[in-house]
Amino acid sequence: MSKNKILLAIADGVGDRPVECLGGRTPLEYARKPTLDALAATGSSGIMDLYKLGSPVGTDLGHMLLFGYEYADYPGRGPIEAFGEGVELQAGDVAFRANFATVDSELVVVDRRAGRIRQDTDKLAAALNGMQIEDIRVVFKEATEHRAVLILRGPGLSEEISDTDPKVEALKYKKAKATAPTAEAEKTARILNQFLLQANEVLLAHPVNREREAAGKLPANFILTRGAGIMPNLRKTAEDLKVRAACIAAESTVLGVARLAGIKPITDPRFTGNIDTDIALKAKTAVEALKDNDFVVLHFKAPDLMGHDNNPEGKVKAVETFDRLMGFVMEGLSSVEENVIVALAADHSTPCERREHSGDPVPVLISGRNIRKDGNTTFDEMAAARGGLNRVSANMFFNHLMDYLEATKKRGN
Ligand SMILES: [Zn+2]
């Protein structure tokens, strides 16, 4: 018998509630989706609580849970964004979300986004990266547009410090303050405040800003920070299980969580993170990744966006596009030698009526030659609730998948 491999396709935010304009059906119930239904007919479905019924989770935590982490492992937005920008954090690092901003000579914020700077932020970031303040090293990396990530690395740091971003213009930046009475928090605030002033000096003198000013643009002469988070000592779940894994996605958050878990992130500018993403290329990339990996995650963002927009018709289209994506995947799998088990899941529900993530369970499915068939012939929230997998948590679902790779431990004798 050939070895098993797993392709896990995640339809972001696909779970929904009955929608009036769809005749009281959910977008998943309403959509035409021959491939998803065929997968249901050749496997077992169920419903999954990412964490607990009624506890909504974000895309970052939802994916962490799907990749085998515990709820309490969540390190905060700053560290996740750093991983999303390709910075590998070490335990004890404190990461911040940062903006390039414009301040005047009194350090009053003129523009929180430095005129929505898009170009040359890599050069500005390089001028700040590697700075040393006391025994702390600064790691600074540009992100999209005016965004960046700041990491403080060294002994005795804390995440318990306040934001320096005043959130509105015409106010002076806020000095970082310790939000807990500890030496670590005091030290982190002191280092961060020192960094902000030194960064201001470096940026004021930087040729990129001289050129911007000469061209009548706002200089990116200050860094504003928020969302401090300390990196806990987290295991890399996929590496721990010795599973070779890859994740195909557009969204940096998802790619970051994958990197955190020891899952190789794969992306392409043609993956847009929206309904116009190149689904043929995405499917091809996923199938190719199965050659070198045992566990391949394929992420599709559009259903979540339609839920946030309260656009049920758009969500139906997103489901139908996801179905076509899976159609391309199934075609491609005929070229893979090993037995590929196909699993479907979501990272949370995003009901249209709610316009936000909810704690409703999501439908899941596992399908393949050697998977028990539960008699379901459609894939949607209600059919899944009657399926053979019953009700599982994200951790149970991940464990179940890993067992097909024989990566989970036998206990007892
Ligand atoms: Zn999501």
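A quick note: this is a predicted structure, and the numbers were derived from the prediction, not measured. In listed order, ligands and their atoms are each counted from 1.
- Centroid-to-centroid, the aromatic rings of Y51 and Y69 stay 6.0 Å apart or farther.
- The shortest side-chain heavy-atom distance between M64 and D60 does not fall under the 4.5 Å cut-off.
- Looking only at atom types and distance, the side chain of N4 has a donor-acceptor partner in the side chain of N339 under 3.5 Å away.
- Rounded to 10°, the angle that OD1 of D12 and OG1 of T59 form at the Zn ion (ligand 1) is 130°.
- Note on ring orientation: taking the six-membered ring where Trp is involved, the planes of H348 and H357 are parallel (angle under 30°, cut-offs 30° and 60°).
- Counting backbone and side-chain atoms alike, D304 contributes no N/O/S atom closer than 2.8 Å to the Zn ion (ligand 1).
- Nearest N/O/S atom of D347 relative to the Zn ion (ligand 1): this is OD2.
- Look at H63 and the Zn ion (ligand 1): no N/O/S atom of the residue is under 2.8 Å from the metal.
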